[in-house]
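To keep things clear, I will list the structure first and then write my remarks on it.
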Amino acid sequence: MKLITHNMLTSKSLKGVNVGFPLKICATEVKEVAVDFNPEFVTRMIPKLDWDALCQAAESLGCLNDLPRSVNPNHENDEEFLKKAHHVLLEVEVIEGELVCPETGRKFPVNEGIPNMLLNEDEV
Amino acid sequence: MKLKELESCLQCVEVFKSPKVKLEQYPTSPHIASRMLHTIDTRYKDLDGCMVADLGCGCGVLAVGASLLGASMCFGIDIDKDALDISYQNSCEYELKNLELIQMDVTKLPDAQWNQLFDTVIMNPPFGTKRNRGIDMLFLKTGLNMATRAVYSLHKTATREHIRKKTKEWGVNMEVISELRFDLPSSYKFHRQQSVDIEVDFIRFSFPSSHLPIKCTEKNYLLLKK
Ligand SMILES: C[S@@+](CC[C@H](N)C(=O)[O-])C[C@H]1O[C@@H](n2cnc3c(N)ncnc32)[C@H](O)[C@@H]1O
């Protein structure tokens with residue numbers, strides 16, 4: 001599970017949960033992979049993401065490095081910035097661990113990089 | 001990538017070991033999958049550099065193919081862990097670095113989640129023949145909310161007029177790209193034969209420029225419980 005994926009997941013469907021985002025990450029295995037850098041793609045994705053949640057997630061995995069806490073308004077021309085964003089979004093992967101609902105503490109397991117977001121009938 | 005090359009690549013994709021009939025688990029054949037993806041790529045340019053989702057990805061033949069054709073990110077979503085495990089093996093086998101897998105029920109995506117987050121959605125959805133009538137339309141509607149460029153899907157030809165009516169209501173364009181024949185194992189139909197051919201449409205759904213997301217609250221589907 002890359003951090004771009006983590007940015008897309010919520011526990012909002014759980015009964016009684018209002019926002020359910022961002023899910024806390026408890027990782028037991030994290031891996032870094034090299035992914036081809038496509039500045040145009042990263043630029044296009046940034047406005048669709050929750051930047052604070054991305055920074056928090058990166059920080060909790062110790063891979064925030066010097067990624068700025070806010071998005072530079074002129075980011076499409078800032079290659080250094082886009083490379084850092086690319087790294088955090090696409091190159092850091094949680095292989096084993098859990099995602100935790102910020103409101104209820106419900107845990108969603110991540111195995112072999114696949115988050116299991118299924119809920120039981122009585123949870124929705 | 002040439003069509004022939006894509007097809008031979010997809011021939012090595014592993015498929016369901018013990019398919020679950022109630023989830024309508026049968027793979028898109030490499031022959032059909034490669035033709036679908038090649039058309040999406042060359043005729044419509046809806047894969048290269050795109051953010052793609054494959055709803056009900058199963059063992060991932062469409063998602064793997066989309067990644068091979070240059071999707072920047074491809075997300076395979078399925079309800080079944082066994083299918084996703086095979087997708088994962090396939091993704092490792094092809095050393096794909098941009099294919100993400102999520103175990104989730106596509107019919108239970110919260111309202112407005114992932115609205116217009118993706119460029120392109122591809123799918124071979126369950127047809128709704130296993131006590132889950134309407135699931136095909138629910139997949140379609142979910143895909144239409146997620147995509148900004150287009151949704152590519154397979155539907156039984158018998159439902160074409162119904163889909164045409166619905167897409168008109170939703171303000172979405174629909175283009176039947178081709179008519180296919182699917183050779184389904186007989187377990188998917190109430191037949192005695194070994195397998196049965198059904199007619200399937202390969203359809204592209206796209207948006208007029210003024211398009212707004214379809215309201216998810218309009219639940220005009222019927223999901224029959226066991
Ligand atoms: C017809 S198969 C297609 C598999 C794969 N996309 C392919 O083309 O080879 C339909 C897939 O939808 C999945 N599925 C069925 N119901 C689902 C649901 N509610 N949410 C997510 N996936 C579902 C099944 O597990 C199965 O893998």
Side-chain angles (χ1 to χ4, degrees), chain A residues 1-15 17-21 23 31-50 82 86-87 89-96 99 101 108-121 123-124, chain B residues 23 47-53 57 60 63 67-68 70-92 95-120 146-149 216 223 225-226:
Chain A
M1 183 196 68
K2 297 177 191 288
L3 295 188
I4 188 176
T5 309
H6 170 258
N7 213 274
M8 294 160 45
L9 300 177
T10 78
S11 54
K12 200 174 159 208
S13 303
L14 279 171
K15 208 181 343 194
V17 167
N18 291 319
V19 187
F21 183 84
L23 301 169
K31 186 172 88 177
E32 294 201 2
V33 296
V35 176
D36 293 340
F37 175 52
N38 177 346
E40 191 264 341
F41 178 74
V42 179
T43 305
R44 246 165 16 90
M45 289 319 295
I46 286 174
K48 300 190 177 203
L49 299 168
D50 186 314
L82 292 177
H86 163 81
H87 173 70
L89 278 171
L90 303 178
E91 298 194 314
V92 177
E93 297 191 350
V94 175
I95 307 298
E96 298 290 329
L99 301 176
C101 168
F108 299 90
V110 181
N111 297 122
E112 290 186 318
I114 308 174
N116 176 357
M117 305 308 295
L118 291 181
L119 300 174
N120 301 324
E121 291 287 324
E123 292 179 299
V124 294
Chain B
L23 293 176
L47 290 178
D48 193 22
C50 286
M51 173 88 165
V52 177
C57 66
S67 296
L68 292 173
S72 283
M73 273 305 303
C74 186
F75 292 82
I77 297 154
D78 205 284
I79 198 169
D80 183 46
K81 180 75 164 92
D82 297 331
L84 288 167
D85 284 343
I86 301 173
S87 274
Y88 176 75
Q89 282 167 27
N90 285 322
S91 148
C92 294
E95 298 180 20
L96 301 174
K97 301 281 182 270
N98 54 357
L99 174 54
E100 287 280 272
L101 300 168
I102 305 174
Q103 187 177 5
M104 204 149 133
D105 185 340
V106 168
T107 66
K108 299 215 173 105
L109 206 64
D111 282 1
Q113 189 162 335
W114 299 351
N115 267 2
Q116 306 194 329
L117 177 62
F118 295 82
D119 299 308
T120 306
M146 292 164 56
T148 55
R149 292 174 72 110
C216 269
L223 274 177
K225 284 270 155 82
K226 271 170 275 168

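In the text below, chain A, chain B and the rest are named by the order of the sequence lines, each starting its count at 1.
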A quick test of your reading: do over 12 heavy atoms of other residues, nucleotides or ligands sit less than 6.0 Å from CD of B:E95?
no
Spatial distance of atom CD (A:E93) from atom CD (B:E100) [nearest 0.5 Å]
5.5 Å
Shortest non-hydrogen contact from A:F41 toward B:G49
CD1-O, 3.8 Å
Taking side chain as C-beta onward, heavy atoms only, is B:D105 less than 4.5 Å from A:L118?
yes
Could you give me the CA-CA distance, side-chain angles and deciding distance for A:M8 and B:F118, then say whether side-chain contact (heavy atoms from CB on, under 4.5 Å) is met?
CA-CA 11 Å; A:M8 294 160 45; B:F118 295 82; 3.6 Å; yes
Should the heavy atoms of other residues, nucleotides or ligands under 6.0 Å from CG of A:D36 be counted, would the total exceed 12?
no
Considering only heavy atoms and a distance below 4.5 Å, find which of A:T10, A:L9, A:N38 pairs most often with chain B.
A:T10
Check: B:Q116 main-chain N/O paired with A:K48 side-chain donor or acceptor under 3.5 Å:
yes
With a 4.5 Å cut-off on side-chain heavy atoms, are A:M45 and B:M73 touching?
no
Name the member of B:L84, B:L117, B:D119, B:L109 that forms the most heavy-atom pairs with chain A at distances under 4.5 Å.
B:L117
B:D85 CG to A:E112 CD distance, which is reported to the nearest 0.5 Å
5.5 Å
Drop me the distance from A:N111's CG to B:K81's NZ, to the nearest 0.5 angstrom.
5.5 Å
How long is the span from the SG atom in B:C50 to the CZ atom in A:R44, to the nearest 0.5 Å?
6.0 Å
Could you measure the distance from the CE atom of A:M1 to the CD1 atom of B:I102? Nearest 0.5 Å is fine.
9.5 Å
Go through the atoms of A:L49 and report whether side chain, backbone, both or neither lie under 4.5 Å from a heavy atom of chain B.
neither
Rounding to 0.5 Å, atoms CD1 (A:I114) and CE (B:M104) come to a distance of 14.0 Å
